[in-house]
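Have a look at the structure below, then the notes.
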Protein chains: 2
Amino acid sequence: MGEIRNKDGLTEEEFLKQYKPSKYERPSVTVDMLILCMSRYLDNLKVLLIQRKNHPYINCWALAGGFVGIHESTYDAACRELQEETGLVTNTYLEQLYTMSNPDRDPRMRVIDVAYITLMREQPVLAGDDAKKSLWFDISLHDDILELKNEEENINIKYCLHKKIFKNGVVDTTGYTQESITDEKLAFDHNEIILEGLLRLKNKILYSDIAFNLLPEEFTLPDVKRVYEVILGKELYKSNFNANIKSKLISTDCKITSMIKGGKKAAGYKYKGQ
Amino acid sequence: MGEIRNKDGLTEEEFLKQYKPSKYERPSVTVDMLILCMSRYLDNLKVLLIQRKNHPYINCWALAGGFVGIHESTYDAACRELQEETGLVTNTYLEQLYTMSNPDRDPRMRVIDVAYITLMREQPVLAGDDAKKSLWFDISLHDDILELKNEEENINIKYCLHKKIFKNGVVDTTGYTQESITDEKLAFDHNEIILEGLLRLKNKILYSDIAFNLLPEEFTLPDVKRVYEVILGKELYKSNFNANIKSKLISTDCKITSMIKGGKKAAGYKYKGQ
DNA sequence: ATAATAGTGTCTTTTAGACAGTATCTA
DNA sequence: TAGATACTGTCTAAAAGACACTATTAT
């Protein structure tokens, strides 16, 4: 891993040696976006990752992101990066997730990263050229294994999660330590961001309507139910779920085809809005 | 307001003119702590505020906080500042709340602020000298009025909250705009941090045990109930509440005096821990 | 002694959970 | 036509909500 060279012919070690951060002791600030959507047949969540082409973490997969301009808020920076990364950004949910601040999280220099979570409908990513390759990865999170998979390109990233309790004399914190168990890896602490985002989504789906950001304008009841099932990781009862969700919907009085594989035509609905 | 001078004899305008931020375009990063405790008789929440003695926001009240060192995480910085501000920090709950990043939030220079929420038992603040005066303020949040009050010093800070929906073509966000309706004011965007923290507390108390951080080691059932009532802003039914909370407690087999004014002796309990 | 609070018991309403049955659609 | 899915209805279990009552304690 340490022998891989970048386009300037430098190894990671050499790269780090020649890298000069500003003399003045202020951290750089970045934003990263955990961009999520549902797969075409609503089988699972997907995350957009970009392959790094330079040190550090060369060839590893990373969340979309970039530096925060000196005159823009992190929210504006996230919107801008989102636009640049995905092109279309209408009907996109964007929420601040967590600020990552471990001093060693970036070997080049001190970087504080404000992570955002983004929910959208699946859309084609900008064509991958040599400089930048971005792909949607299928997410699965079961039995403390986080797996990210792209079948077309046969890429598999897998993390094993261990619950751990931190005590530092002031506060006790429960978190996760993680280790990759495949060749392909995520860059920086982006594994933690993904995990944190999935937990946030799981919590928030129960007392908010953010799930509709993952669905098209018009959808069927089985479609919504499937989205909830994927995010919560368990099956729900049709009759109970429908009765509850209907108060948030308006019927379109059309029968449309469900997105689910093998699904039948079903009544079309739209989200009523809050 | 613009005429008040600092210890160097400068007005805000003069101060800002002579202030030189680093030439290099990186933001400074700070942490601020929303330090909360319950009042002695469990009547309301209190927040620790510190009066600023220099521009900007001279004489305004601010959350405890400070700059993040280049080699420490924001969490470590928060712990350090907490220690410096309050002395004792055992049994303190500390959780990241939100990152404030409006480019104009500090008129001196670009500052990104990572806000933390802290729950502790009431404790005497370090004696206020001329350079630094810190006080506990009683919090009340009713009918979209946020009021912070210190009766000994006769200080009253009051904010009127207006719900507002931001639309920027990418995402819709519902937030609060706020305006002070008293002479005393909060510094920077600390009003937003306080509001955000109170909402977080209200949400989280329902599915976690963080409320016990606001109580002493041993307490009575009416004490816990009162803490929940203050945070949720509504009365609870004694019998239902007690039945639910008891699974988290261990009886100490003592009768102790309740903290509540006019309260009777009642059975003592301790938090079982998770 | 009085008034207020601590603690217990009981009832109603609502929600969550579970399953069965019919109608309808896909293949 | 066969097999699956959409939709509705019914039933049970658990939780939330609401009072009433007795015992105890502060003043």
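Naming convention: chains lettered A, B, ... in sequence-line order (proteins, then strands); numbering from 1 in each chain.
A:F241 has its CZ atom 19 Å from the P atom of D:dG9, to the nearest Å. Counting to the nearest Å, the C1' atom of D:dA15 and the CD1 atom of B:I245 are 15 Å from each other. Across the protein-nucleic acid pair, B:K225 atom NZ and D:dA18 atom P stand 13 Å apart, rounded to whole Å.
For A:K46, the side-chain hydrogen bond (donor to acceptor under 3.5 Å, both in side chains) partners at least two apart in sequence or on another chain are A:E122. Checked against side-chain hydrogen bond (donor to acceptor under 3.5 Å, both in side chains), B:E235 has no partners two or more places apart in sequence or in another chain. For B:N242, there are no side-chain hydrogen bond (donor to acceptor under 3.5 Å, both in side chains) partners two or more places apart in sequence or in a different chain. For A:D113, the salt bridge (Lys or Arg N to Asp or Glu O under 4.0 Å) partners at least two apart in sequence or on another chain are A:R105. In this structure A:T74 satisfies the side-chain hydrogen bond (donor to acceptor under 3.5 Å, both in side chains) test together with A:Y116, B:S101, sequence neighbours excluded.
Between A:G197 and A:I117, the shortest heavy-atom contact is O-CD1, 3.6 Å.
Listed by first and then second residue, the side chain to side chain donor-acceptor pair (under 3.5 Å) pairs that reach into residues 252-264 of chain A are A:E218-A:T252, A:D223-A:S258, A:S251-A:D253, sequence neighbours excluded. Within the structure, every pair that satisfies the ring-ring contact (aromatic ring centres under 6.0 Å, His included) test and touches residues 196-216 of chain B, not counting sequence neighbours, is listed here: B:F212-B:F219, B:F212-B:Y271.
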Please write out the pairs of protein N or O atoms and N or O atoms of nucleotides 4-9 of chain C separated by less than 3.5 Å, giving the distance to one decimal.
| from | atom 1 | to | atom 2 | distance (Å) |
| --- | --- | --- | --- | --- |
| C:dT5 | O2 | B:K264 | NZ | 2.4 |
| C:dA6 | N7 | B:K238 | NZ | 3.3 |
| C:dG7 | OP1 | B:A267 | N | 2.8 |
| C:dG7 | N7 | B:K238 | NZ | 3.0 |
| C:dG7 | O6 | B:K238 | NZ | 2.9 |
| C:dT8 | OP2 | B:K246 | NZ | 3.3 |
| C:dG9 | O6 | B:S239 | OG | 2.7 |

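Helix-axis bend for the helix from C:dA1-D:dT27 to C:dA27-D:dT1: the local axis fitted to the five terminal pairs at one end deviates from that at the other end by 30°, rounded to 10°.
Phosphate contact (OP1/OP2 of D:dC19, side-chain N/O of B:Y237, threshold under 4.0 Å): present.
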